[in-house]
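Below: one structure, written as structure tokens.
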Amino acid sequence: MNRHANGYQGARGVAGTASSQRGISFLGLLFLGVIIAFLAIVGAKVVPTVTEYMAIQKAVKKAAADGTTVPAVRAAFDRTASVDYISSIAGKDLDITKDGDKVVVEFAYDKEIALFGPAYLLIKYRGSSAGGYN
């Protein structure tokens with residue numbers, strides 16, 4: 001008599017192969033957690049610089065609209081920068097030109113973000129009151 005006569009298939013299943021499990025191993029989960037934590041830390045350090053860049057872009061557009069001379073544009077930017085806590089650049093760092101009757105203000109600066117040990121992330125920000133950077 002066959003020992004499987006009662007219909008019991010055993011631990012190997014119907015086809016006689018071991019059933020495989022699907023999912024992520026503990027080491028895979030640990031590795032994924034480390035990657036997600038690293039990205040979260042970098043993101044937390046980058047977000048304030050992006051926020052400052054957007055404030056600078058807004059201040060540059062306002063200064064270009066308010067001022068007609070180079071000293072007036074620099075002064076208008078410095079006033080806005082002191083209110084918005086902009087510390088990366090000052091009015092003296094702006095490149096101010098005239099395009100016809102329109103004042104165009106351009107800026108560029110680098111921001112270094114310390115990651116760990118000797119590793120840094122360098123972000124190069126550039127912008128213009130005209131909506132782009134040449």
Side-chain angles (χ1 to χ4, degrees):
M1 179 173 200
N2 189 353
R3 61 183 169 144
H4 298 296
N6 63 357
Y8 175 71
Q9 300 297 324
R12 293 187 175 247
V14 174
T17 60
S19 61
S20 64
Q21 294 182 354
R22 293 191 166 267
I24 189 167
S25 68
F26 178 72
L27 288 177
L29 184 65
L30 187 64
F31 183 71
L32 185 64
V34 167
I35 299 250
I36 290 173
F38 177 75
L39 291 176
I41 290 170
V42 170
K45 291 182 178 187
V46 168
V47 166
T49 68
V50 172
T51 304
E52 184 182 36
Y53 168 76
M54 292 184 339
I56 291 171
Q57 186 69 37
K58 182 176 134 189
V60 161
K61 286 182 180 180
K62 185 176 184 310
D66 292 347
T68 55
T69 65
V70 172
V73 171
R74 291 185 198 279
F77 178 82
D78 286 335
R79 279 192 304 274
T80 306
S82 67
V83 172
D84 288 342
Y85 303 108
I86 296 171
S87 61
S88 293
I89 63 171
K92 63 182 173 61
D93 301 321
L94 301 175
D95 185 21
I96 304 167
T97 58
K98 249 189 164 169
D99 185 18
D101 61 341
K102 184 178 174 185
V103 175
V104 178
V105 181
E106 295 177 340
F107 65 93
Y109 66 98
D110 298 340
K111 197 72 169 180
E112 281 187 356
I113 300 169
L115 296 177
F116 53 88
Y120 285 83
L121 176 65
L122 175 67
I123 303 175
K124 295 183 176 248
Y125 289 111
R126 301 189 189 314
S128 172
S129 63
Y133 188 79
N134 300 337

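Owing to the predicted nature of the structure, the values given are computational and were not obtained by experimental measurement.
For residues 74-90, the set of pairs meeting the salt bridge (Lys or Arg N to Asp or Glu O under 4.0 Å) definition, not counting sequence neighbours, is empty.
How far CD1 of Ile86 is from OH of Tyr53: 12.0 Å, rounded to the nearest 0.5 Å. Taking OH of Tyr125 as the reference point, atom CZ of Phe107 lies at 10.5 Å (rounded to 0.5 Å). Remark: Ile41 CD1 to Ile113 CD1 distance equals 13.0 Å, nearest 0.5 Å. Distance CD1/Ile56 to CD1/Ile89: 4.5 Å, rounded to 0.5 Å.
The minimum heavy-atom distance between Ala72 and Thr68, with the atom names listed, is CB-N, 4.2 Å. Nearest heavy-atom pair across Gln57 and Gly127 is OE1-CA, 3.7 Å.
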Evaluate the side chain to side chain contact (heavy atoms under 4.5 Å, CB included) criterion for residues Tyr109 and Asp93: first the C-alpha distance (whole Å), next the side-chain angles of each, then the deciding distance (0.1 Å), finally the verdict.
CA-CA 9 Å; Tyr109 66 98; Asp93 301 321; over 6 Å; no
Verdict with supporting geometry, Val103 and Ser129, side chain to side chain contact (heavy atoms under 4.5 Å, CB included)
CA-CA 8 Å; Val103 175; Ser129 63; over 6 Å; no
Does the pair Glu52 and Ser87 meet the rule for a side chain to side chain contact (heavy atoms under 4.5 Å, CB included), with working shown?
CA-CA 9 Å; Glu52 184 182 36; Ser87 61; 3.6 Å; yes
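Side-chain N or O atoms of Thr80 include one that pairs as donor or acceptor with a backbone N or O of Ala76 at under 3.5 Å. Put simply, the side chain of Glu112 never gets that close to the backbone of Tyr120: no donor and acceptor are under 3.5 Å apart.
Note on Tyr85 and Leu94: separate hydrophobic clusters, where clusters join Ile, Leu, Val, Met, Phe, Trp and Tyr whose side-chain heavy atoms are under 4.5 Å apart, directly or indirectly. Cluster membership check: Phe77 shares its hydrophobic cluster with Val70, using side-chain heavy-atom separations under 4.5 Å among Ile, Leu, Val, Met, Phe, Trp and Tyr.
For Lys45, the NZ atom counts as densely surrounded, since its 6.0 Å shell holds more than 12 non-hydrogen atoms of other residues, nucleotides or ligands. Environment of CG in Asp99: sparse, with no more than 12 heavy atoms of neighbouring residues, nucleotides or ligands closer than 6.0 Å.
A 4.5 Å side-chain heavy-atom check between Val42 and Leu39 finds every atom pair outside the cut-off.
The ring pair (Phe, Tyr, Trp, His ring centres under 6.0 Å) search around Phe38 returns none, not counting sequence neighbours.
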